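Have a look at the structure below before the remarks.
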Amino acid sequence: MDVVSDAIAAVRMGQAASDRVRVSGSWCARLAPYDGAGFHVVLEGGCWLLPEGGPALSLGVGDAVLLPHGTGHVIADSPADAATVARAMPFERWTGGPPGPSRLPRSVPGGVELLCGKYRLDHSRVHPLLAELPTVVHLPNRVGAHPELRAAIGLLGGELTAGRPGAGVAVPSLVDLLLVYMIRAWVDRGDGGAWPAALGDPVTAAALRALHDDPAAAWTNERLATEAGVSRPTLARRFTSLVGRPPMAYLTWWRLTLAAAALRDTGDSLTAIARRVGYGTPYALSHAFSREFGTTPGRYRARAVGGGEGSGHVGAGDAGAGGEDEGGADPVRGTGVVR
């Protein structure tokens, strides 16, 4: 896989959650900090996002916003003052109540309609590309910008509204796709940061692609330089400058990250995992893993498996080495919400 796909796959846990909500009047809802990433898309009207420790952000129709580090935040009809923010109701109470007269039917004009989602991520081994994402990624709705993202938003909004056969499969897939498109839009925008630059550099990108395509291969600096079509010193200089560590150190880190994901998500033996990530023996993997994580693979798996899984709704409770590799949200005041 490519770097963005691998970076997301390595930290994804459980199933993403999503809700389509509709409100009017004066409202204010809070999402507490959580282990994962969240997003909001404004389908109708406008609102304000107030992230903890950050400036208020005005969102208009079609705007998408990603909070990749699970930062606690408030969404409201206006840039609420401190007293109003303190009274903001939890998002889960905002969306989780039984149907009743307070709900706004979709046929009622006016109000604000939002598409909200949350991804559960393992931040203990987050890829540096994801770690480099800013606290808030704002993707304004501009003509011609990010057509794939706009198409995915339209499809997801429709599935959450229509309740058509197969929606139980379509919705999680579309929510996952939305995360990819939002991260891709940030990378393509080139606002700064090492990783967009790394993926835009042909030499570094070629080396990263090779390592991610086959992490278990018996890579050396010489072989990787040949793959990238440059000399070994050129590869070392450009890769280290943009990625932040030498090629073989990055490979070691990535192999151990893959091993950690396999221990967390599968019941495969250590022997099988070692072979899959490029270590000749389970002992070699165990030694490198313990050095990097400060715990044995068995203890890491026991702790990860005991962590539990999240719910399918947005407001529900949430739950590098150096050198060569050894083995080659109720509103405060409002007129309702509908999902």
Side-chain angles (χ1 to χ4, degrees), residues 1-12 122 124-133 180 183-184 186-188 190 192-266 268 270-293 297 320-328:
M1 288 197 291
D2 64 278
V3 176
V4 173
S5 300
D6 274 341
I8 295 171
V11 296
R12 286 280 281 109
D122 178 6
S124 68
R125 293 301 290 176
V126 66
H127 190 280
L129 183 151
L130 302 184
E132 192 177 69
L133 286 162
V180 174
I183 294 174
R184 182 187 292 173
W186 172 77
V187 170
D188 290 345
W195 276 89
L199 296 177
D201 176 68
V203 171
T204 305
L208 285 167
R209 188 164 50 249
L211 296 178
H212 281 260
D213 280 346
D214 192 4
W219 290 106
T220 64
N221 283 313
E222 194 67 42
R223 178 179 174 184
L224 191 60
T226 300
E227 188 76 22
V230 295
S231 68
R232 178 172 171 169
T234 298
L235 172 66
R237 183 179 65 254
R238 291 171 68 164
F239 192 102
T240 304
S241 172
L242 292 170
V243 174
R245 64 181 90 193
M248 294 301 106
Y250 177 84
L251 176 61
T252 297
W253 176 86
W254 180 239
R255 285 174 166 175
L256 294 174
T257 297
L258 290 176
L263 289 166
R264 183 191 69 214
D265 298 335
T266 76
D268 294 348
L270 193 60
T271 299
I273 294 173
R275 184 165 52 246
R276 187 183 315 149
V277 302
Y279 283 86
T281 67
Y283 173 79
L285 172 58
S286 181
H287 178 72
F289 191 94
S290 298
R291 184 178 60 208
E292 180 75 11
F293 284 82
E324 293 276 342
D325 190 289
E326 295 174 41

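Only a predicted model underlies this, so the values are computations on that prediction, with no experimental measurement involved.
- The nearest pair of heavy atoms linking Ala274 to Thr281 is CB-O, 3.8 Å.
- The side chain to side chain donor-acceptor pair (under 3.5 Å) search around Thr240 returns none, not counting sequence neighbours.
- Here the closest non-hydrogen pair linking Ala7 and Trp254 is N-CH2, 4.3 Å.
- Not a single donor-acceptor pair under 3.5 Å links the side chain of Arg209 to the backbone N or O of Ala228.
- Trp195 and Glu132 get closest at one heavy-atom pair: N-OE1, 2.9 Å.
- Looking at heavy atoms from C-beta onward, Arg238 lies out of side-chain contact with Pro247 at the 4.5 angstrom threshold.
- Once rounded to the nearest 0.5 Å, the distance linking CZ of Phe239 with OG1 of Thr234 reads 14.5 Å.
- Rounding to the nearest 0.5 Å gives a distance of 6.5 Å between CG of Leu235 and CG of Asn221.
- Put simply, the side chain of Trp186 reaches to within 4.5 Å of the side chain of Pro196, judged on heavy atoms.
- Distance check, rounded to the nearest 0.5 Å: CG of Leu133 to CD1 of Ile183 gives 5.5 Å.
- To the nearest 0.5 Å, atom OG1 of residue Thr220 and atom CZ of residue Arg232 are 7.0 Å apart.
- Taking both residues in full, the closest heavy atoms of Leu256 and Ala288 are given as CD1-O, 3.8 Å, listed atom of the first, atom of the second, then distance.
- Taking CE of Met248 as the start and CG of Leu224 as the end, the distance is 5.0 Å to the nearest 0.5 Å.
- Relative ring orientation between His212 and Tyr250 is described as tilted, the plane-to-plane angle lying within the 30° to 60° band.
- Residues Leu129 and Val4 share a closest heavy-atom pair of CD1-CG2, 4.1 Å.
- When the side chain to side chain contact (heavy atoms under 4.5 Å, CB included) test is applied to Asp214, the partners found at least two apart in sequence or on another chain are Ala216, Ala217.
- The nearest pair of heavy atoms linking Trp253 to Val126 is CZ2-O, 3.8 Å.
- Taking CG of Leu263 as the reference point, atom CG of Leu270 lies at 6.5 Å (rounded to 0.5 Å).
- In this structure the side chain of Val3 reaches within 4.5 angstrom of the side chain of His127, judged on heavy atoms.
- By the 30° and 60° cut-offs, the orientation of the rings of His287 relative to Tyr283 is parallel.
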